[in-house]
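A short worksheet on the structure shown next.
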Amino acid sequence: MSTAATTVIEVRTAPHLHSGRSVDQIMRHVVYALLPMCFYSVWLFGISAAALIATTTAACVLIEHWSCRLAGRETSIGDFSVVITGMLLGLTLPPGLPLWMAVVGAFIAVAPGKMTFGGLGFNVFNPALVGRAFLQAAFPAAITTYTPAMALNRFSQFIPTSLATPFLKAAPLKDWIAQVRVDGFTGATPLMLQKFEHVTTDPWTLFIGTRAGSSGETSALLILLGGGYLIARKMMDWRIPAAMLLGALLTGGAYYLSNPVKYPSPLFVLFSGGLMLGALFMATDPVASPVTPRGMWIYGLLMGLITVLIRFEGGLPEGVMYAILLGNALSPLIDRLTQPRTYGEGKRMFAKEATTR
Amino acid sequence: MSDQVSCHTTGAPEITAEGSPFLNGLWKQNPVFVMVLGMCPTLAITNSVRNAVSMGLATTFVMVVSYGLISMIRKLIPKQVRIATYIAILAMAVTVVDFLVKAVSIPIYLALGAYIPLIVSNCLTLERAEAYAGKQPVVKSMLDGLGMGFGFTLALTMLGAVREVLGAGTFLGVHVFSKNFEPWVLFLLPPGGFISLAMWLLFFAAWRERSAKRATERVEAQTGMAGAVEARA
(Lines give C-alpha, C1' and ligand atoms only; values in the text may rest on other atoms or scores of the structure.)
Protein backbone atom coordinates (compact mmCIF):
# COMPACT_ATOMS: atom_id res chain seq x y z
CA MET A 1 0.00 0.00 0.00
CA SER A 2 2.99 2.27 0.38
CA THR A 3 3.26 2.58 -3.35
CA ALA A 4 -0.45 3.36 -3.70
CA ALA A 5 0.23 7.06 -3.80
CA THR A 6 2.50 6.74 -6.78
CA THR A 7 0.45 4.17 -8.74
CA VAL A 8 -1.65 5.54 -11.53
CA ILE A 9 -5.02 3.80 -11.90
CA GLU A 10 -4.38 0.34 -13.23
CA VAL A 11 -6.59 -0.62 -16.17
CA ARG A 12 -7.12 -4.26 -16.97
CA THR A 13 -9.60 -6.22 -19.02
CA ALA A 14 -12.23 -8.43 -17.41
CA PRO A 15 -12.42 -10.71 -15.48
CA HIS A 16 -11.25 -8.68 -12.53
CA LEU A 17 -11.93 -11.28 -9.88
CA HIS A 18 -10.18 -14.59 -9.96
CA SER A 19 -11.40 -17.47 -7.90
CA GLY A 20 -7.83 -18.70 -7.71
CA ARG A 21 -8.95 -22.25 -7.38
CA SER A 22 -8.17 -24.98 -9.76
CA VAL A 23 -9.46 -28.51 -9.81
CA ASP A 24 -6.38 -30.01 -8.25
CA GLN A 25 -6.47 -27.49 -5.41
CA ILE A 26 -10.04 -28.43 -4.49
CA MET A 27 -9.25 -32.10 -4.86
CA ARG A 28 -6.26 -31.72 -2.57
CA HIS A 29 -8.46 -30.20 0.11
CA VAL A 30 -10.88 -33.13 -0.23
CA VAL A 31 -7.92 -35.42 0.41
CA TYR A 32 -7.10 -33.42 3.55
CA ALA A 33 -10.73 -33.74 4.66
CA LEU A 34 -10.58 -37.50 4.19
CA LEU A 35 -7.35 -37.98 6.13
CA PRO A 36 -8.86 -37.84 9.67
CA MET A 37 -11.22 -40.65 8.74
CA CYS A 38 -8.31 -42.71 7.44
CA PHE A 39 -6.34 -42.22 10.66
CA TYR A 40 -9.37 -43.00 12.79
CA SER A 41 -10.04 -46.18 10.85
CA VAL A 42 -6.43 -47.26 11.36
CA TRP A 43 -6.80 -46.63 15.07
CA LEU A 44 -10.04 -48.63 15.12
CA PHE A 45 -9.11 -51.55 12.89
CA GLY A 46 -5.33 -51.53 12.95
CA ILE A 47 -2.79 -52.15 10.22
CA SER A 48 -5.28 -54.04 8.06
CA ALA A 49 -7.24 -50.85 7.46
CA ALA A 50 -4.01 -48.97 6.76
CA ALA A 51 -2.96 -51.61 4.25
CA LEU A 52 -6.40 -51.59 2.64
CA ILE A 53 -6.56 -47.82 2.14
CA ALA A 54 -2.95 -47.66 0.97
CA THR A 55 -3.56 -50.52 -1.47
CA THR A 56 -6.68 -49.04 -3.04
CA THR A 57 -5.12 -45.60 -3.33
CA ALA A 58 -1.88 -46.86 -4.85
CA ALA A 59 -3.74 -49.22 -7.19
CA CYS A 60 -6.10 -46.48 -8.38
CA VAL A 61 -3.26 -44.06 -9.06
CA LEU A 62 -1.22 -46.67 -10.90
CA ILE A 63 -4.17 -47.81 -12.99
CA GLU A 64 -5.06 -44.25 -13.99
CA HIS A 65 -1.45 -43.59 -14.93
CA TRP A 66 -1.35 -46.78 -16.94
CA SER A 67 -4.69 -46.08 -18.68
CA CYS A 68 -3.45 -42.64 -19.68
CA ARG A 69 -0.31 -44.15 -21.16
CA LEU A 70 -2.36 -46.75 -22.98
CA ALA A 71 -4.56 -44.02 -24.43
CA GLY A 72 -1.45 -42.13 -25.47
CA ARG A 73 -2.12 -38.98 -23.52
CA GLU A 74 -0.56 -37.09 -20.67
CA THR A 75 -1.04 -38.68 -17.29
CA SER A 76 -3.86 -37.14 -15.24
CA ILE A 77 -2.88 -38.38 -11.80
CA GLY A 78 -1.67 -34.87 -10.92
CA ASP A 79 -5.21 -33.59 -10.41
CA PHE A 80 -5.62 -35.70 -7.25
CA SER A 81 -9.12 -36.86 -8.21
CA VAL A 82 -7.92 -40.44 -8.52
CA VAL A 83 -6.36 -40.26 -5.05
CA ILE A 84 -9.81 -39.40 -3.69
CA THR A 85 -11.33 -42.29 -5.62
CA GLY A 86 -8.77 -44.65 -4.12
CA MET A 87 -9.20 -43.36 -0.59
CA LEU A 88 -13.00 -43.44 -0.80
CA LEU A 89 -12.93 -46.96 -2.16
CA GLY A 90 -10.73 -48.04 0.73
CA LEU A 91 -12.95 -46.25 3.23
CA THR A 92 -16.11 -47.98 1.97
CA LEU A 93 -14.73 -51.51 2.12
CA PRO A 94 -14.73 -53.72 5.20
CA PRO A 95 -11.29 -53.54 6.87
CA GLY A 96 -10.66 -57.27 6.59
CA LEU A 97 -11.34 -57.50 2.86
CA PRO A 98 -8.64 -59.52 1.05
CA LEU A 99 -6.23 -57.04 -0.49
CA TRP A 100 -6.32 -58.71 -3.90
CA MET A 101 -10.05 -58.04 -4.05
CA ALA A 102 -9.34 -54.41 -3.20
CA VAL A 103 -7.02 -54.26 -6.21
CA VAL A 104 -9.75 -55.77 -8.42
CA GLY A 105 -12.17 -53.14 -7.12
CA ALA A 106 -9.66 -50.37 -7.80
CA PHE A 107 -9.17 -51.61 -11.34
CA ILE A 108 -12.94 -51.65 -12.03
CA ALA A 109 -13.38 -48.25 -10.40
CA VAL A 110 -10.75 -46.49 -12.48
CA ALA A 111 -10.48 -48.37 -15.78
CA PRO A 112 -14.11 -48.92 -16.79
CA GLY A 113 -15.67 -46.60 -14.18
CA LYS A 114 -13.71 -43.49 -15.06
CA MET A 115 -11.16 -43.77 -17.86
CA THR A 116 -13.35 -45.40 -20.52
CA PHE A 117 -15.69 -42.44 -20.23
CA GLY A 118 -12.78 -40.09 -20.84
CA GLY A 119 -11.39 -39.43 -17.38
CA LEU A 120 -12.24 -36.75 -14.86
CA GLY A 121 -15.27 -34.71 -15.81
CA PHE A 122 -16.87 -37.35 -17.99
CA ASN A 123 -17.64 -40.20 -15.65
CA VAL A 124 -21.35 -40.92 -15.27
CA PHE A 125 -21.02 -42.60 -11.89
CA ASN A 126 -18.87 -42.03 -8.87
CA PRO A 127 -15.89 -44.27 -9.72
CA ALA A 128 -15.28 -45.47 -6.15
CA LEU A 129 -18.86 -46.70 -5.93
CA VAL A 130 -18.62 -48.44 -9.30
CA GLY A 131 -15.68 -50.39 -7.91
CA ARG A 132 -17.50 -51.16 -4.72
CA ALA A 133 -20.67 -52.22 -6.55
CA PHE A 134 -18.61 -54.63 -8.65
CA LEU A 135 -17.03 -56.12 -5.54
CA GLN A 136 -20.42 -56.40 -3.87
CA ALA A 137 -21.79 -58.32 -6.84
CA ALA A 138 -18.68 -60.44 -7.40
CA PHE A 139 -17.78 -61.34 -3.82
CA PRO A 140 -20.99 -60.95 -1.78
CA ALA A 141 -19.64 -63.00 1.11
CA ALA A 142 -16.28 -61.30 1.52
CA ILE A 143 -17.71 -57.80 1.37
CA THR A 144 -20.20 -58.45 4.13
CA THR A 145 -17.64 -60.00 6.46
CA TYR A 146 -17.01 -57.35 9.08
CA THR A 147 -14.58 -57.60 11.94
CA PRO A 148 -14.91 -56.07 15.39
CA ALA A 149 -13.34 -52.72 16.11
CA MET A 150 -10.58 -52.32 18.74
CA ALA A 151 -9.44 -55.93 18.34
CA LEU A 152 -6.43 -57.06 20.38
CA ASN A 153 -3.06 -56.90 18.62
CA ARG A 154 -4.58 -54.87 15.82
CA PHE A 155 -1.38 -52.86 15.39
CA SER A 156 0.91 -55.86 15.19
CA GLN A 157 -1.26 -58.35 13.36
CA PHE A 158 -3.21 -58.31 10.10
CA ILE A 159 -6.78 -59.51 10.02
CA PRO A 160 -6.13 -63.02 8.55
CA THR A 161 -8.43 -62.47 5.54
CA SER A 162 -6.49 -59.38 4.45
CA LEU A 163 -3.55 -61.43 3.25
CA ALA A 164 -5.56 -64.19 1.59
CA THR A 165 -3.89 -65.68 -1.50
CA PRO A 166 -5.30 -64.13 -4.66
CA PHE A 167 -8.20 -66.06 -6.24
CA LEU A 168 -8.50 -68.42 -3.31
CA LYS A 169 -11.09 -68.47 -0.57
CA ALA A 170 -10.01 -66.89 2.69
CA ALA A 171 -10.24 -68.96 5.84
CA PRO A 172 -13.32 -68.23 7.96
CA LEU A 173 -12.80 -65.58 10.60
CA LYS A 174 -14.89 -67.00 13.40
CA ASP A 175 -12.08 -68.40 15.56
CA TRP A 176 -9.90 -65.37 15.02
CA ILE A 177 -12.70 -63.01 16.06
CA ALA A 178 -13.35 -65.05 19.22
CA GLN A 179 -9.64 -64.77 20.09
CA VAL A 180 -9.11 -61.07 19.59
CA ARG A 181 -12.52 -59.65 20.41
CA VAL A 182 -12.74 -57.13 23.22
CA ASP A 183 -15.89 -57.23 25.33
CA GLY A 184 -18.65 -55.06 24.00
CA PHE A 185 -17.50 -55.15 20.37
CA THR A 186 -18.97 -57.50 17.79
CA GLY A 187 -18.16 -58.18 14.19
CA ALA A 188 -21.64 -57.31 12.99
CA THR A 189 -22.34 -53.75 11.90
CA PRO A 190 -25.12 -51.83 13.68
CA LEU A 191 -27.30 -52.13 10.58
CA MET A 192 -26.87 -55.91 10.49
CA LEU A 193 -27.62 -56.13 14.20
CA GLN A 194 -30.70 -54.03 13.67
CA LYS A 195 -31.94 -55.90 10.64
CA PHE A 196 -31.18 -59.50 11.53
CA GLU A 197 -31.05 -59.53 15.32
CA HIS A 198 -33.22 -56.55 16.22
CA VAL A 199 -30.61 -55.01 18.46
CA THR A 200 -30.37 -51.25 18.11
CA THR A 201 -27.07 -49.56 18.82
CA ASP A 202 -27.39 -46.25 20.65
CA PRO A 203 -26.90 -43.13 18.50
CA TRP A 204 -24.02 -41.80 20.62
CA THR A 205 -21.81 -44.82 19.86
CA LEU A 206 -22.69 -44.39 16.21
CA PHE A 207 -21.86 -40.71 16.32
CA ILE A 208 -18.42 -41.27 17.85
CA GLY A 209 -17.86 -44.36 15.78
CA THR A 210 -16.53 -47.09 18.08
CA ARG A 211 -18.28 -49.83 16.15
CA ALA A 212 -17.82 -52.38 13.39
CA GLY A 213 -18.38 -51.34 9.81
CA SER A 214 -16.62 -50.39 6.63
CA SER A 215 -13.25 -48.92 7.45
CA GLY A 216 -14.16 -45.25 7.03
CA GLU A 217 -17.88 -45.05 7.64
CA THR A 218 -17.87 -45.51 11.39
CA SER A 219 -17.44 -42.05 12.84
CA ALA A 220 -20.21 -39.61 11.93
CA LEU A 221 -18.38 -36.92 13.88
CA LEU A 222 -15.20 -37.01 11.78
CA ILE A 223 -17.15 -37.24 8.55
CA LEU A 224 -19.19 -34.18 9.53
CA LEU A 225 -16.03 -32.32 10.48
CA GLY A 226 -14.33 -33.14 7.17
CA GLY A 227 -17.43 -32.31 5.17
CA GLY A 228 -18.03 -29.16 7.20
CA TYR A 229 -14.51 -27.98 6.42
CA LEU A 230 -15.12 -28.37 2.69
CA ILE A 231 -18.49 -26.65 2.92
CA ALA A 232 -16.99 -23.77 4.92
CA ARG A 233 -14.28 -23.36 2.29
CA LYS A 234 -17.06 -23.37 -0.36
CA MET A 235 -15.49 -26.35 -2.06
CA MET A 236 -18.61 -28.43 -1.76
CA ASP A 237 -22.26 -27.52 -2.03
CA TRP A 238 -24.12 -27.94 1.25
CA ARG A 239 -27.42 -28.65 -0.47
CA ILE A 240 -26.70 -32.22 -1.59
CA PRO A 241 -25.65 -33.65 1.79
CA ALA A 242 -28.35 -31.64 3.56
CA ALA A 243 -31.02 -32.89 1.15
CA MET A 244 -29.83 -36.49 1.35
CA LEU A 245 -29.71 -36.53 5.14
CA LEU A 246 -33.08 -34.78 5.29
CA GLY A 247 -34.56 -37.29 2.87
CA ALA A 248 -33.30 -40.18 4.99
CA LEU A 249 -34.44 -38.49 8.19
CA LEU A 250 -37.96 -37.86 6.87
CA THR A 251 -38.38 -41.36 5.43
CA GLY A 252 -36.88 -42.95 8.54
CA GLY A 253 -39.12 -40.77 10.70
CA ALA A 254 -42.21 -41.84 8.77
CA TYR A 255 -41.29 -45.50 9.27
CA TYR A 256 -40.57 -44.91 12.96
CA LEU A 257 -43.92 -43.20 13.52
CA SER A 258 -45.77 -45.97 11.73
CA ASN A 259 -44.23 -48.68 13.94
CA PRO A 260 -41.78 -47.57 16.67
CA VAL A 261 -41.25 -51.15 17.84
CA LYS A 262 -40.12 -52.54 14.53
CA TYR A 263 -38.18 -49.63 13.08
CA PRO A 264 -35.26 -47.80 14.70
CA SER A 265 -35.33 -44.11 15.52
CA PRO A 266 -34.53 -41.61 12.76
CA LEU A 267 -31.29 -40.71 14.54
CA PHE A 268 -30.12 -44.29 14.18
CA VAL A 269 -30.99 -44.14 10.49
CA LEU A 270 -28.92 -40.99 10.14
CA PHE A 271 -25.75 -42.12 11.91
CA SER A 272 -25.61 -45.80 10.98
CA GLY A 273 -24.10 -47.44 7.93
CA GLY A 274 -22.48 -45.44 5.21
CA LEU A 275 -25.11 -42.74 4.98
CA MET A 276 -22.91 -39.97 6.39
CA LEU A 277 -19.89 -40.86 4.29
CA GLY A 278 -22.08 -41.32 1.22
CA ALA A 279 -24.00 -38.09 1.67
CA LEU A 280 -20.97 -35.91 2.34
CA PHE A 281 -18.26 -37.40 0.16
CA MET A 282 -19.82 -39.56 -2.55
CA ALA A 283 -23.13 -38.03 -3.49
CA THR A 284 -21.33 -34.70 -3.80
CA ASP A 285 -19.04 -35.92 -6.58
CA PRO A 286 -19.10 -32.74 -8.68
CA VAL A 287 -19.08 -34.64 -11.96
CA ALA A 288 -21.91 -37.06 -11.35
CA SER A 289 -24.34 -34.79 -9.48
CA PRO A 290 -26.76 -32.10 -10.74
CA VAL A 291 -25.63 -28.48 -10.89
CA THR A 292 -28.88 -26.56 -10.44
CA PRO A 293 -29.82 -25.76 -6.81
CA ARG A 294 -33.31 -27.15 -7.25
CA GLY A 295 -31.87 -30.22 -8.92
CA MET A 296 -29.52 -30.76 -5.97
CA TRP A 297 -32.44 -30.84 -3.58
CA ILE A 298 -34.39 -33.32 -5.70
CA TYR A 299 -31.28 -35.47 -6.15
CA GLY A 300 -30.45 -35.51 -2.44
CA LEU A 301 -33.98 -36.14 -1.21
CA LEU A 302 -34.39 -38.97 -3.70
CA MET A 303 -31.18 -40.66 -2.60
CA GLY A 304 -32.13 -40.35 1.08
CA LEU A 305 -35.51 -41.89 0.35
CA ILE A 306 -34.05 -44.79 -1.64
CA THR A 307 -31.40 -45.48 1.00
CA VAL A 308 -34.00 -45.96 3.70
CA LEU A 309 -36.32 -47.93 1.43
CA ILE A 310 -33.52 -50.38 0.63
CA ARG A 311 -32.58 -50.67 4.29
CA PHE A 312 -36.11 -51.35 5.53
CA GLU A 313 -37.77 -53.04 2.58
CA GLY A 314 -34.89 -54.68 0.71
CA GLY A 315 -32.88 -57.77 1.51
CA LEU A 316 -29.62 -55.91 2.08
CA PRO A 317 -28.82 -54.19 5.36
CA GLU A 318 -27.36 -51.13 3.59
CA GLY A 319 -28.51 -49.26 0.51
CA VAL A 320 -26.48 -46.06 0.31
CA MET A 321 -24.28 -47.30 -2.52
CA TYR A 322 -27.16 -48.24 -4.81
CA ALA A 323 -29.06 -45.08 -3.90
CA ILE A 324 -26.13 -42.91 -4.94
CA LEU A 325 -25.48 -44.84 -8.14
CA LEU A 326 -29.15 -44.46 -9.03
CA GLY A 327 -28.98 -40.75 -8.20
CA ASN A 328 -25.90 -40.41 -10.41
CA ALA A 329 -27.73 -42.08 -13.28
CA LEU A 330 -30.66 -39.70 -12.86
CA SER A 331 -28.66 -36.52 -12.46
CA PRO A 332 -28.47 -35.51 -16.16
CA LEU A 333 -32.25 -35.87 -16.31
CA ILE A 334 -32.71 -33.87 -13.11
CA ASP A 335 -30.46 -31.18 -14.54
CA ARG A 336 -32.54 -30.99 -17.68
CA LEU A 337 -35.82 -30.74 -15.82
CA THR A 338 -34.64 -28.04 -13.43
CA GLN A 339 -33.06 -25.61 -15.87
CA PRO A 340 -33.66 -22.12 -14.53
CA ARG A 341 -35.96 -19.90 -16.56
CA THR A 342 -34.06 -17.28 -18.48
CA TYR A 343 -35.20 -13.73 -17.75
CA GLY A 344 -37.70 -12.57 -20.31
CA GLU A 345 -38.81 -16.02 -21.31
CA GLY A 346 -42.37 -17.22 -20.81
CA LYS A 347 -43.51 -18.82 -17.59
CA ARG A 348 -44.08 -22.28 -18.95
CA MET A 349 -41.26 -24.71 -19.41
CA PHE A 350 -41.81 -25.32 -23.06
CA ALA A 351 -42.52 -21.71 -23.87
CA LYS A 352 -39.37 -21.61 -25.95
CA GLU A 353 -40.72 -24.09 -28.43
CA ALA A 354 -44.03 -22.26 -28.54
CA THR A 355 -42.39 -18.96 -29.46
CA THR A 356 -40.16 -20.41 -32.11
CA ARG A 357 -43.08 -22.09 -33.82
CA MET B 1 -23.16 -51.91 -37.80
CA SER B 2 -24.01 -49.19 -40.30
CA ASP B 3 -22.71 -51.41 -43.10
CA GLN B 4 -24.96 -54.14 -41.86
CA VAL B 5 -28.01 -51.91 -41.80
CA SER B 6 -27.41 -50.78 -45.33
CA CYS B 7 -27.07 -54.37 -46.50
CA HIS B 8 -30.71 -54.94 -45.61
CA THR B 9 -31.77 -52.48 -48.24
CA THR B 10 -29.08 -52.74 -50.86
CA GLY B 11 -28.44 -56.46 -50.61
CA ALA B 12 -25.62 -58.35 -48.98
CA PRO B 13 -23.43 -59.46 -51.89
CA GLU B 14 -21.13 -56.45 -51.92
CA ILE B 15 -20.01 -57.31 -48.42
CA THR B 16 -20.11 -61.06 -48.56
CA ALA B 17 -19.06 -61.63 -52.15
CA GLU B 18 -15.36 -61.77 -51.43
CA GLY B 19 -13.89 -64.84 -49.79
CA SER B 20 -15.67 -68.05 -48.94
CA PRO B 21 -19.01 -67.65 -47.13
CA PHE B 22 -17.84 -70.13 -44.50
CA LEU B 23 -14.74 -68.23 -43.40
CA ASN B 24 -16.64 -64.98 -43.66
CA GLY B 25 -19.14 -66.05 -41.02
CA LEU B 26 -16.59 -67.79 -38.86
CA TRP B 27 -14.28 -64.84 -38.41
CA LYS B 28 -14.37 -61.83 -40.71
CA GLN B 29 -18.01 -61.06 -40.02
CA ASN B 30 -18.36 -62.95 -36.78
CA PRO B 31 -22.01 -62.66 -35.75
CA VAL B 32 -21.24 -61.74 -32.14
CA PHE B 33 -17.95 -59.87 -32.20
CA VAL B 34 -18.36 -58.02 -35.49
CA MET B 35 -22.07 -57.78 -36.24
CA VAL B 36 -23.21 -57.88 -32.58
CA LEU B 37 -26.27 -59.95 -33.46
CA GLY B 38 -28.05 -62.60 -31.43
CA MET B 39 -27.37 -60.87 -28.12
CA CYS B 40 -30.20 -62.60 -26.28
CA PRO B 41 -28.65 -66.10 -26.07
CA THR B 42 -25.15 -64.59 -26.07
CA LEU B 43 -25.77 -62.82 -22.78
CA ALA B 44 -28.23 -65.21 -21.22
CA ILE B 45 -26.80 -68.70 -21.43
CA THR B 46 -23.06 -68.36 -21.68
CA ASN B 47 -22.56 -68.93 -17.97
CA SER B 48 -20.86 -72.23 -18.68
CA VAL B 49 -18.89 -73.60 -21.62
CA ARG B 50 -21.19 -76.59 -21.94
CA ASN B 51 -24.29 -74.43 -22.30
CA ALA B 52 -22.54 -72.11 -24.72
CA VAL B 53 -21.37 -74.92 -27.00
CA SER B 54 -24.76 -76.65 -27.04
CA MET B 55 -26.55 -73.39 -27.78
CA GLY B 56 -24.12 -72.59 -30.57
CA LEU B 57 -24.47 -76.03 -32.16
CA ALA B 58 -28.28 -75.91 -31.92
CA THR B 59 -28.28 -72.55 -33.69
CA THR B 60 -25.85 -73.86 -36.31
CA PHE B 61 -28.11 -76.79 -37.08
CA VAL B 62 -31.15 -74.53 -37.43
CA MET B 63 -29.28 -72.16 -39.72
CA VAL B 64 -27.82 -74.79 -42.05
CA VAL B 65 -31.07 -76.69 -42.49
CA SER B 66 -33.37 -73.73 -42.85
CA TYR B 67 -31.06 -71.72 -45.11
CA GLY B 68 -30.86 -74.66 -47.48
CA LEU B 69 -34.64 -74.80 -47.64
CA ILE B 70 -35.08 -71.05 -47.89
CA SER B 71 -32.54 -70.81 -50.66
CA MET B 72 -34.22 -73.65 -52.55
CA ILE B 73 -37.59 -71.96 -52.63
CA ARG B 74 -36.32 -68.37 -52.69
CA LYS B 75 -37.75 -67.70 -56.16
CA LEU B 76 -41.19 -69.02 -55.21
CA ILE B 77 -41.68 -66.86 -52.12
CA PRO B 78 -43.74 -63.72 -52.75
CA LYS B 79 -41.79 -60.70 -51.59
CA GLN B 80 -44.52 -59.45 -49.27
CA VAL B 81 -44.62 -62.57 -47.10
CA ARG B 82 -40.95 -63.55 -47.20
CA ILE B 83 -40.26 -62.85 -43.50
CA ALA B 84 -43.25 -64.94 -42.44
CA THR B 85 -42.06 -67.75 -44.68
CA TYR B 86 -38.54 -67.59 -43.26
CA ILE B 87 -39.93 -67.75 -39.74
CA ALA B 88 -42.11 -70.75 -40.58
CA ILE B 89 -39.12 -72.61 -41.99
CA LEU B 90 -36.91 -71.62 -39.07
CA ALA B 91 -39.62 -72.72 -36.63
CA MET B 92 -39.69 -76.12 -38.27
CA ALA B 93 -35.94 -76.53 -37.83
CA VAL B 94 -36.13 -75.26 -34.26
CA THR B 95 -38.80 -77.81 -33.41
CA VAL B 96 -36.50 -80.55 -34.67
CA VAL B 97 -33.63 -79.19 -32.53
CA ASP B 98 -35.92 -78.91 -29.53
CA PHE B 99 -36.78 -82.61 -29.68
CA LEU B 100 -33.22 -83.53 -30.56
CA VAL B 101 -31.73 -81.82 -27.51
CA LYS B 102 -34.40 -83.30 -25.28
CA ALA B 103 -33.56 -86.76 -26.61
CA VAL B 104 -29.80 -86.35 -26.26
CA SER B 105 -29.48 -84.74 -22.85
CA ILE B 106 -32.15 -83.67 -20.40
CA PRO B 107 -29.76 -81.56 -18.24
CA ILE B 108 -28.70 -79.49 -21.25
CA TYR B 109 -32.33 -79.20 -22.31
CA LEU B 110 -33.25 -77.85 -18.89
CA ALA B 111 -30.29 -75.49 -18.81
CA LEU B 112 -31.08 -73.99 -22.20
CA GLY B 113 -34.76 -73.79 -21.34
CA ALA B 114 -36.70 -71.18 -23.27
CA TYR B 115 -33.70 -70.21 -25.37
CA ILE B 116 -34.09 -73.12 -27.78
CA PRO B 117 -37.56 -72.02 -28.97
CA LEU B 118 -36.24 -68.49 -29.01
CA ILE B 119 -33.73 -69.36 -31.77
CA VAL B 120 -36.65 -68.59 -34.11
CA SER B 121 -36.69 -64.98 -33.05
CA ASN B 122 -32.92 -64.69 -32.77
CA CYS B 123 -32.05 -61.70 -34.91
CA LEU B 124 -28.99 -63.52 -36.24
CA THR B 125 -30.94 -66.37 -37.85
CA LEU B 126 -33.48 -64.05 -39.39
CA GLU B 127 -30.89 -61.53 -40.53
CA ARG B 128 -28.84 -64.07 -42.43
CA ALA B 129 -32.00 -65.50 -44.03
CA GLU B 130 -33.00 -62.04 -45.19
CA ALA B 131 -29.55 -60.85 -46.20
CA TYR B 132 -28.05 -63.99 -47.65
CA ALA B 133 -30.09 -67.17 -47.97
CA GLY B 134 -33.03 -65.41 -49.62
CA LYS B 135 -30.76 -64.24 -52.45
CA GLN B 136 -28.01 -66.81 -52.89
CA PRO B 137 -27.80 -70.37 -54.29
CA VAL B 138 -28.34 -73.36 -52.03
CA VAL B 139 -24.77 -74.52 -51.37
CA LYS B 140 -23.49 -71.03 -50.68
CA SER B 141 -26.40 -70.36 -48.34
CA MET B 142 -25.78 -73.54 -46.40
CA LEU B 143 -22.07 -72.73 -46.18
CA ASP B 144 -22.98 -69.28 -44.91
CA GLY B 145 -25.25 -70.84 -42.30
CA LEU B 146 -22.48 -73.22 -41.27
CA GLY B 147 -19.88 -70.44 -41.05
CA MET B 148 -22.15 -68.10 -39.17
CA GLY B 149 -23.22 -70.92 -36.88
CA PHE B 150 -19.65 -71.94 -36.10
CA GLY B 151 -18.70 -68.31 -35.65
CA PHE B 152 -21.57 -67.95 -33.22
CA THR B 153 -20.53 -71.13 -31.40
CA LEU B 154 -16.94 -69.91 -31.21
CA ALA B 155 -17.97 -66.54 -29.79
CA LEU B 156 -20.35 -68.10 -27.28
CA THR B 157 -17.65 -70.53 -26.17
CA MET B 158 -15.17 -67.69 -25.68
CA LEU B 159 -17.68 -65.82 -23.55
CA GLY B 160 -18.65 -68.98 -21.72
CA ALA B 161 -15.00 -69.75 -21.00
CA VAL B 162 -14.41 -66.37 -19.35
CA ARG B 163 -17.59 -66.60 -17.34
CA GLU B 164 -17.13 -70.20 -16.24
CA VAL B 165 -13.47 -69.81 -15.32
CA LEU B 166 -14.03 -66.64 -13.30
CA GLY B 167 -17.52 -67.42 -12.05
CA ALA B 168 -16.97 -70.98 -10.91
CA GLY B 169 -13.25 -71.66 -11.31
CA THR B 170 -13.93 -74.52 -13.70
CA PHE B 171 -13.68 -75.22 -17.42
CA LEU B 172 -16.22 -77.76 -18.69
CA GLY B 173 -16.69 -78.74 -15.06
CA VAL B 174 -12.98 -79.38 -14.41
CA HIS B 175 -11.30 -77.23 -11.74
CA VAL B 176 -8.81 -74.84 -13.30
CA PHE B 177 -7.41 -73.42 -10.10
CA SER B 178 -7.42 -75.18 -6.79
CA LYS B 179 -10.73 -76.42 -5.38
CA ASN B 180 -10.52 -73.55 -2.92
CA PHE B 181 -11.15 -70.98 -5.66
CA GLU B 182 -13.12 -67.92 -4.59
CA PRO B 183 -15.87 -67.65 -7.23
CA TRP B 184 -16.64 -64.26 -8.76
CA VAL B 185 -20.39 -64.71 -8.42
CA LEU B 186 -20.99 -61.70 -10.65
CA PHE B 187 -19.83 -63.56 -13.74
CA LEU B 188 -22.53 -66.19 -13.40
CA LEU B 189 -25.19 -63.48 -13.20
CA PRO B 190 -26.52 -61.55 -16.23
CA PRO B 191 -24.29 -58.48 -15.62
CA GLY B 192 -21.30 -60.80 -15.95
CA GLY B 193 -22.46 -61.56 -19.49
CA PHE B 194 -22.43 -57.88 -20.36
CA ILE B 195 -19.05 -57.33 -18.74
CA SER B 196 -17.35 -60.27 -20.45
CA LEU B 197 -18.88 -59.37 -23.82
CA ALA B 198 -17.62 -55.83 -23.39
CA MET B 199 -14.16 -57.11 -22.54
CA TRP B 200 -14.02 -59.29 -25.67
CA LEU B 201 -15.33 -56.46 -27.86
CA LEU B 202 -12.73 -54.13 -26.39
CA PHE B 203 -10.02 -56.70 -27.03
CA PHE B 204 -11.03 -57.16 -30.66
CA ALA B 205 -11.44 -53.44 -31.25
CA ALA B 206 -7.94 -52.81 -29.92
CA TRP B 207 -6.56 -55.68 -31.94
CA ARG B 208 -8.23 -54.50 -35.15
CA GLU B 209 -6.99 -50.96 -34.60
CA ARG B 210 -3.46 -52.20 -34.06
CA SER B 211 -3.43 -54.39 -37.14
CA ALA B 212 -4.90 -51.55 -39.23
CA LYS B 213 -2.16 -49.26 -37.95
CA ARG B 214 0.48 -51.83 -38.82
CA ALA B 215 -0.97 -52.27 -42.30
CA THR B 216 -0.83 -48.54 -43.01
CA GLU B 217 2.70 -48.42 -41.63
CA ARG B 218 3.69 -51.23 -43.94
CA VAL B 219 2.13 -49.46 -46.92
CA GLU B 220 3.87 -46.24 -45.94
CA ALA B 221 7.18 -48.02 -45.58
CA GLN B 222 6.78 -49.59 -49.01
CA THR B 223 5.78 -46.39 -50.74
CA GLY B 224 8.55 -44.62 -48.88
CA MET B 225 11.04 -47.16 -50.12
CA ALA B 226 9.63 -46.96 -53.65
CA GLY B 227 9.96 -43.19 -53.48
CA ALA B 228 13.54 -43.52 -52.34
CA VAL B 229 14.32 -45.94 -55.16
CA GLU B 230 12.75 -43.59 -57.69
CA ALA B 231 14.70 -40.68 -56.30
CA ARG B 232 17.90 -42.64 -56.59
CA ALA B 233 17.11 -43.62 -60.17
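Residue numbers begin at 1 in each chain, while the letters A, B, ... track the order of the sequences.
Pairs engaging residues 144-164 of chain B under the ring-ring contact (aromatic ring centres under 6.0 Å, His included) rule: none recorded [sequence neighbours left out]. Screening residues 145-160 of chain B for side chain to side chain donor-acceptor pair (under 3.5 Å) gives B/T60-B/T153 as the qualifying pairs, with residues at least two apart or on separate chains.
If you measure heavy-atom distances from B/P183 to chain A, the contacts under 4.5 Å come from both the backbone and the side chain. For chain A, no part of B/L202 is nearby; none of its heavy atoms comes within less than 4.5 Å. Looking at A/A164, neither its backbone nor its side chain comes within 4.5 Å of chain B, counting heavy atoms on both sides.
Listed by chain and residue number, B/R50, B/S54, B/V101, B/S105, B/L112 satisfy the side chain to side chain contact (heavy atoms under 4.5 Å, CB included) test with B/I108 (two or more places apart in sequence, or in another chain).
Of all heavy-atom pairs between A/A137 and B/V185, the closest is O-CB, 3.8 Å.
Annotation: B/F177, atom CZ; neighbour count of heavy atoms from other residues, nucleotides and ligands within 6.0 Å is above 12. Around atom CZ of B/F204, more than 12 heavy atoms belonging to other residues, nucleotides or ligands sit under 6.0 Å away.
Using cut-offs of 30° and 60° for the angle between ring planes, the B/F181 and A/F167 rings count as parallel.
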Are there any donor-acceptor pairs closer than 3.5 angstrom between chain B and chain A, and if so, which ones?
unit_1, atom_1, unit_2, atom_2, d
B/N180, O, A/K169, N, 2.7
B/F181, O, A/K169, NZ, 3.3
B/E182, N, A/F167, O, 2.9
B/V185, N, A/A138, O, 2.8
B/L186, N, A/A137, O, 3.3

